[in-house]
Amino acid sequence: MSDNMKELLAINRDYFTPAEVAKVLCCDPQAIRFKARYAPDTLGFPTLLWGTRVKIPRIPFLKSLGIEETEIKTLYIEPKSNIKQK
């Protein structure tokens, strides 16, 4: 397993960024962003778009590379309420 893949697997989030994935795929992160927006079917893995931001879901991306990972490693923490208590 390459060092880039080990670094990617060490990331403790449910998603990857194009820059993180590009290291493993040996390509330009901007190419991933462009394809995610204009030709998502050509990537081979799903992407999520929020405005100009691109996120790549962890488990589907790893499955597209033949790596089975079923456990989600992050926890959702409720944001603090904006209501001030008196």
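All residue numbers refer to positions in the sequence shown, counting from 1. Any value given below was found using the heavy atoms of this structure, including those in side chains, with hydrogens, waters and symmetry copies removed.
The shortest non-hydrogen separation linking Gly44 to Ser64 is O-CB, 3.4 Å.
Atom CG of residue Leu49 and atom OG1 of residue Thr47 lie 5.0 Å apart, to the nearest 0.5 angstrom. Note that CG of Leu9 is 11.0 Å distant from CG of Asn4, once rounded to the nearest 0.5 Å.
Taking 4.5 Å as the limit, every side-chain heavy atom of Lys55 sits out of range of all side-chain heavy atoms of Phe16.
For Phe45, the ring pair (Phe, Tyr, Trp, His ring centres under 6.0 Å) criterion is met by Phe61, not counting sequence neighbours. Listed by chain and number, the residues in a side chain to side chain contact (heavy atoms under 4.5 Å, CB included) with Thr52 amount to none (sequence neighbours excluded).
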Worked check of side-chain contact (heavy atoms from CB on, under 4.5 Å) between Leu48 and Ile56: CA-CA 6 Å; Leu48 303 170; Ile56 301 158; over 6 Å; no
Let me have the donor-acceptor pairs involving side chains of residues 18-39, under 3.5 Å, with sequence neighbours excluded, atom names and distances please.
{"residue": "Glu20", "atom": "OE1", "partner": "Arg13", "partner atom": "NH2", "Å": "2.7"}
{"residue": "Glu20", "atom": "OE1", "partner": "Thr17", "partner atom": "N", "Å": "2.9"}
{"residue": "Glu20", "atom": "OE1", "partner": "Thr17", "partner atom": "OG1", "Å": "3.4"}
{"residue": "Glu20", "atom": "OE2", "partner": "Arg13", "partner atom": "NH2", "Å": "2.8"}
{"residue": "Gln30", "atom": "OE1", "partner": "Arg33", "partner atom": "NH1", "Å": "3.1"}
{"residue": "Arg37", "atom": "NH2", "partner": "Gly51", "partner atom": "O", "Å": "2.4"}

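No continuous path of ILVMFWY side-chain contacts below 4.5 Å connects Tyr15 to Met5, so the two sit in separate hydrophobic clusters.
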